[in-house]
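Here is the structure we will look at, set down as structure tokens.
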Amino acid sequence: MQPINLHDYEVLAQRRLARPVWDYYQGGSDDEISLHENRAAFARLRLRPRVLVDVNNCNTATSVLTTEIAMPILIAPTAAHGMAHAAGECATIRGADAAGSGMIVSSNATFSMEDIARASQGLRWYQLYINTLPEAQQQIKRAEAAGYQAIVLTVDTPLLSRRERDRRNNMGNFQRTYYPRAFAGNASYTVEGNLNDSERAIYAGHTLTWDIIAWLRTHTSLPIILKGILTAEDATLAVQYRVAGIIVSNHGGRQLDGTIAPIEALPEIAAAVRGQCEIYLDGGIRRGTDVLKALALGAQAVMIGRPILWGLAVQGSEGVKHVLEILQQELHSAMVLVGSPTVKDITRSLIQ
Ligand SMILES: Cc1cc2nc3c(=O)[nH]c(=O)nc-3n(C[C@H](O)[C@H](O)[C@H](O)COP(=O)(O)O)c2cc1C
Ligand SMILES: CC(C)CC(=O)C(=O)O
């Protein structure tokens, strides 16, 4: 099958990946309610197209922070790309560059942030999990030296959630046996799978509070972005703490199950932020019309997680590039059909 949309890539990737890897990439927490809601919430939104607009020069280009990108679509941080492809994140970022997108590199990448940086010319941000402060400080230093342009602190993971697919598959043992370095490119803590409570707490720690932002600021001059905001209250705090951006996200339905979908949280967050920092959104983006809806409700750009892993598994960097280009082309068509020739023209009035 020649893949023509992201759903095709999903089918092809499942055929290629071992069951425990597929389930780790694909799964959510508990009953996977949030995982399904992330898609369902997009499907419930209705568009209000305008007609007889000159869309001859329709263009998806935009910028995030100060970087220009060909499309308002970035790669969300996902761990362990080495289980999808031998070249792992180095192939992923080459695909991002080739498409004119950019990548947020996970703390738990298979390859080191330096190796990934060497494979890339374009936008790269570093996603941080804080296990211990000295280790985080080391990682920030390394990220700055390797030319990363922002630090993305994930704030929805004081505890890694219960993921029952991984438990049933004995994913921890599988990964240690077949991919022992899959999560170990940057972090010293590399467990995944059947974890006890203290192991599940190592990623962001129970003790992080808003004070961590002042600490981060003493250790980096890079822009700070918070990933995993779902309420106007926390968005307001993020603005007060002067972050450069927030990512409206429920971690792709992999952390707290039963949350509001990010696309449903976006309107109240956009109203609270009032342009004081950039807003991005991830979770369930699979079509150009999903991107359009997120932009209309106040996102500057969106991020995609699983579809990138599917593209990587099917065809390495070419697959990643193709997934991004498909989504860009779908967005382009949607912009033409709703009468929004530029990203700036995409406004709230497009949504019923
Ligand atoms: C396999 C996998 C690994 C992930 N690893 C990380 C990670 O290391 N850090 C992080 O902040 N988010 C991580 N996420 C969450 C993604 O950044 C993102 O929020 C989510 O995948 C978006 O939803 P989507 O997959 O529906 O596009 C991961 C998600 C998946 C599917
Ligand atoms: C290593 C994990 C904590 C990566 C992650 O965030 C996830 O699997 O959702």
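Remember, predicted model here, so these are calculated numbers, not experimental data. Whatever order the structure lists them in is the order used to number ligands and atoms, beginning at 1. Residue numbers count from 1 along this sequence.
Atoms of ligand 2 lying under 4.0 Å from at least one heavy atom of Ala79, given by number and element, are 4 (C). For ligand 2, the atoms lying closer than 4.0 Å to a non-hydrogen atom of Arg254 are 7 (C), 8 (O), 9 (O). Of all the atoms in ligand 2, the ones that sit under 4.0 Å from a non-hydrogen atom of Tyr24 are 2 (C), 4 (C), 7 (C), 8 (O). Taking every heavy atom of Asn108 and a limit of under 4.0 angstrom, the matching atoms of ligand 2 come to 1 (C). Every atom of ligand 2 with a heavy atom of Phe183 under 4.0 Å away is listed here by number and element: 1 (C).
Only side-chain heavy atoms of Leu160 come within less than 4.0 Å of ligand 2; its backbone N, CA, C and O stay farther off. If you look at Arg163 next to ligand 2, the close heavy atoms, those under 4.0 Å, all belong to the side chain. At a heavy-atom distance under 4.0 Å, only side-chain atoms of His251, from C-beta outward, approach ligand 2.
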Mind listing the N or O contacts between ligand 1 and protein, cut-off under 3.5 Å?
{"residue": "ligand 1", "atom": "5 (N)", "partner": "Ala79", "partner atom": "N", "Å": "3.1"}
{"residue": "ligand 1", "atom": "8 (O)", "partner": "Ser106", "partner atom": "OG", "Å": "2.7"}
{"residue": "ligand 1", "atom": "9 (N)", "partner": "Gln127", "partner atom": "OE1", "Å": "3.2"}
{"residue": "ligand 1", "atom": "9 (N)", "partner": "Tyr129", "partner atom": "OH", "Å": "3.3"}
{"residue": "ligand 1", "atom": "11 (O)", "partner": "Thr154", "partner atom": "OG1", "Å": "2.7"}
{"residue": "ligand 1", "atom": "11 (O)", "partner": "Lys227", "partner atom": "NZ", "Å": "3.1"}
{"residue": "ligand 1", "atom": "12 (N)", "partner": "Pro77", "partner atom": "O", "Å": "3.3"}
{"residue": "ligand 1", "atom": "12 (N)", "partner": "Lys227", "partner atom": "NZ", "Å": "3.0"}
{"residue": "ligand 1", "atom": "12 (N)", "partner": "His251", "partner atom": "NE2", "Å": "3.4"}
{"residue": "ligand 1", "atom": "14 (N)", "partner": "Pro77", "partner atom": "O", "Å": "3.2"}
{"residue": "ligand 1", "atom": "17 (O)", "partner": "Pro77", "partner atom": "O", "Å": "2.7"}
{"residue": "ligand 1", "atom": "17 (O)", "partner": "Lys227", "partner atom": "NZ", "Å": "3.0"}
{"residue": "ligand 1", "atom": "19 (O)", "partner": "Lys227", "partner atom": "NZ", "Å": "3.1"}
{"residue": "ligand 1", "atom": "19 (O)", "partner": "Ser249", "partner atom": "OG", "Å": "3.4"}
{"residue": "ligand 1", "atom": "19 (O)", "partner": "Asp282", "partner atom": "OD1", "Å": "3.2"}
{"residue": "ligand 1", "atom": "19 (O)", "partner": "Asp282", "partner atom": "OD2", "Å": "2.8"}
{"residue": "ligand 1", "atom": "25 (O)", "partner": "Arg306", "partner atom": "N", "Å": "3.0"}
{"residue": "ligand 1", "atom": "25 (O)", "partner": "Arg306", "partner atom": "NH1", "Å": "2.9"}
{"residue": "ligand 1", "atom": "26 (O)", "partner": "Gly284", "partner atom": "N", "Å": "2.9"}
{"residue": "ligand 1", "atom": "26 (O)", "partner": "Arg286", "partner atom": "NH1", "Å": "3.3"}
{"residue": "ligand 1", "atom": "26 (O)", "partner": "Arg286", "partner atom": "NH2", "Å": "2.8"}
{"residue": "ligand 1", "atom": "26 (O)", "partner": "Arg306", "partner atom": "NH1", "Å": "3.3"}
{"residue": "ligand 1", "atom": "27 (O)", "partner": "Arg286", "partner atom": "NH1", "Å": "3.3"}
{"residue": "ligand 1", "atom": "27 (O)", "partner": "Gly305", "partner atom": "N", "Å": "2.9"}

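The residue from Thr154, Asn108, Thr78 that alone fulfils the side chain to side chain donor-acceptor pair (under 3.5 Å) condition with Gln127 is Thr154.
Relative ring orientation between Tyr126 and Tyr148 is described as perpendicular, the plane-to-plane angle rising above 60° on a 0-90° scale split at 30° and 60°.
Between the CD1 atom in Ile279 and the CD1 atom in Ile229 there is a gap of 10.5 Å [rounded to 0.5 Å]. Taking OG from Ser120 and CG from Asp97, the interatomic distance works out to 4.5 Å, rounded to the nearest 0.5 Å.
Contacts of Glu10 classified as salt bridge (Lys or Arg N to Asp or Glu O under 4.0 Å), with partners at least two apart in sequence or in another chain: none. Residues that satisfy the salt bridge (Lys or Arg N to Asp or Glu O under 4.0 Å) test with Asp115, not counting sequence neighbours, are Arg118.
Within the 6.0 Å centre-distance limit, the rings of Tyr24 and Phe183 are counted as a close aromatic pair. Less than 6.0 angstrom separates the ring centroid of Tyr9 from the ring centroid of His322.
Leu47 places a side-chain heavy atom less than 4.5 Å from the side chain of Lys293.
The shortest N/O to N/O separation between Tyr129 and ligand 2 falls below 3.5 Å.
Applying the salt bridge (charged side-chain N to carboxylate O under 4.0 Å, His left out) definition to pairs two or more places apart or across chains, none involves residues 47-62.
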